[in-house]
Participant: 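First the structure, then my questions, so here it is.
Within every chain, numbering begins at 1; the chains are lettered A, B, ... in the order of the sequence lines, protein sequences first and strands thereafter.
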2 protein chains.
Amino acid sequence: METIFNWSSPIDLQERLSRRGLKNTPQRKCVFGVLTRNAGKPMTPDQIHQFCLKSNPRMGLTTVYRTLELFCDIGVAMRVHLHEPSQYYELNTGKHHHHLVCVACGIVEPVDMCMIDEMNDMIRDNHDFVVTSHCLSLFGYCPMCLPKPN
Amino acid sequence: METIFNWSSPIDLQERLSRRGLKNTPQRKCVFGVLTRNAGKPMTPDQIHQFCLKSNPRMGLTTVYRTLELFCDIGVAMRVHLHEPSQYYELNTGKHHHHLVCVACGIVEPVDMCMIDEMNDMIRDNHDFVVTSHCLSLFGYCPMCLPKPN
DNA sequence: ATGTAGTTGGAAACTATTTTCAACTGGAGT
DNA sequence: ACTCCAGTTGAAAATAGTTTCCAACTACAT
Ligand SMILES: [Mn+2]
Ligand SMILES: [Mn+2]
Ligand SMILES: [Zn+2]
Ligand SMILES: [Zn+2]
């Protein structure tokens, strides 16, 4: 399930859940809070779990996994592929973007620019293939890690 | 380790290995053969192992993993990220390309086109970030899976 | 307050991958 | 051809991320 969401207002978790007969549990509020406070910063389920434990010491990692999957389904979160063993998640702000990943320090920076529209046309013509989504990750060196005149 | 390789001639495995003091074992020849016979088709370590078993029934999966990692280091193979639980590998033909992945049947098709050069300039200007590599995967529907007027 | 569909945490299972280690071998040197 | 050893192998065990199971729990509509 992957729906397109285009909002400018903040996400009303309560409304999104109840509309589907889902409960607004403390655990879900907690994960949502962590994602919101770290908007723009992709995190692993384990990292998110660590944050949750501070305010909710009994929260299970399993619940974090379940919640993140649910949040992706209802458009609250997005999966981010950084080519690491673990999957990453971030708040879905509704703005399409990509990621710059520093191969030295691992810092992740969002990039708004996207050239996929131009590619789409070319692909449809040359390949008879209808592209519905894509994922681009750019790897390199951030300003802090670059200066290495060894 | 990620070196840039630009060859037009076929890959001389023997030469690449011996130059580094590595042995040209039957197992390595076998994996190389599978990659070569399936050039352009990304495969998982397990799939590659299955092929190898046909001609080399005693080959261990561990050896396939080790060999693929080695092949990536010496530029014989490339990792392909298709956002599935398992990693994929394919022969490194030296030609930069991306992948079209059908979300219905899973078929993978190569795309030669790339707009990264245009993005690179923009990124360097706007983000002060030096991009050294990137990975783009495009998901959608191949011709066979598209016609679904339900 | 009650009832119940939905939710939770912990354990166990599962999958992909890496590590360990004793036995084996390619191929350079003789 | 024989020796030798650095490099390699396969099986088992370990590790890491994730999913499944299930009995106990709870949000919230009635
Ligand atoms: Mn982002
Ligand atoms: Mn390819
Ligand atoms: Zn894009
Ligand atoms: Zn490219």
Participant: In terms of the nearest nucleotide of DNA chain C, which residue is placed more toward the 5' end: Arg58(A) or Ser86(B)?
Facilitator: Arg58(A)

Participant: Would you mind reading off the distance between Asn56(B) atom CG and dT25(C) atom C1', rounded to a whole angstrom?
Facilitator: 14 Å

Participant: Arg28(B) has an atom CZ; how far is it from atom P of dG7(D), in whole Å?
Facilitator: 11 Å

Participant: Do nucleotides 19-30 of chain D as a string where each nucleotide becomes B, S or -: B if the base has a protein heavy atom under 4.0 Å, S if just the sugar-phosphate does, - if no protein is that close.
Facilitator: BBB----BBS--

Participant: Between CG of Leu100(A) and CZ of Phe139(A), what distance do you get to the nearest 0.5 Å?
Facilitator: 10.0 Å

Participant: How many Å lie between OH on Tyr88(B) and P on dA16(C), as a whole number?
Facilitator: 10 Å

Participant: In the structure I gave you, are the side-chain heavy atoms of Ile11(B) and Leu91(B) within less than 4.5 Å of one another anywhere?
Facilitator: yes

Participant: Whole angstrom is fine here: how far is it from CG in Asp46(B) over to P in dC14(C)?
Facilitator: 17 Å

Participant: Would Ser18(A) and Leu22(A) satisfy side chain to side chain contact (heavy atoms under 4.5 Å, CB included), going step by step from the backbone distance to the final call?
Facilitator: CA-CA 5 Å; Ser18(A) 58; Leu22(A) 303 170; over 6 Å; no

Participant: Grab the CG-P distance between Leu68(A) and dT18(D) for me, whole Å please.
Facilitator: 10 Å

Participant: Can you tell me how far P of dT17(C) sits from NE2 of His83(A), to the nearest Å?
Facilitator: 14 Å

Participant: Between P on dA16(D) and CD on Gln47(A), what's the gap in Å once rounded to a whole number?
Facilitator: 15 Å

Participant: Rounded to the nearest angstrom, tell me the gap between atom CG in Leu13(B) and atom C1' in dG26(C).
Facilitator: 14 Å

Participant: What side-chain donor-acceptor pairs closer than 3.5 Å can you find for residues 23-34 of chain A, not counting sequence neighbours?
Facilitator:
residue, atom, partner, partner atom, Å
Thr25(A), OG1, Arg28(A), N, 3.2
Arg28(A), NH1, Lys23(A), O, 2.8

Participant: Suppose we screen for salt bridge (charged side-chain N to carboxylate O under 4.0 Å, His left out). Which residues come up paired with Glu15(A), at least two apart in sequence or across chains?
Facilitator: Arg19(A)

Participant: Measuring from the side chain of Gln87(A) (C-beta onward, heavy atoms only), which nucleotide among dT18(D), dA16(C), dT8(C) has the closest atom?
Facilitator: dT18(D)

Participant: Indicate if Met113(A) and Phe129(B) have the same hydrophobic cluster label, given that clusters are the connected sets of ILVMFWY residues with side-chain heavy-atom separations under 4.5 angstrom.
Facilitator: yes

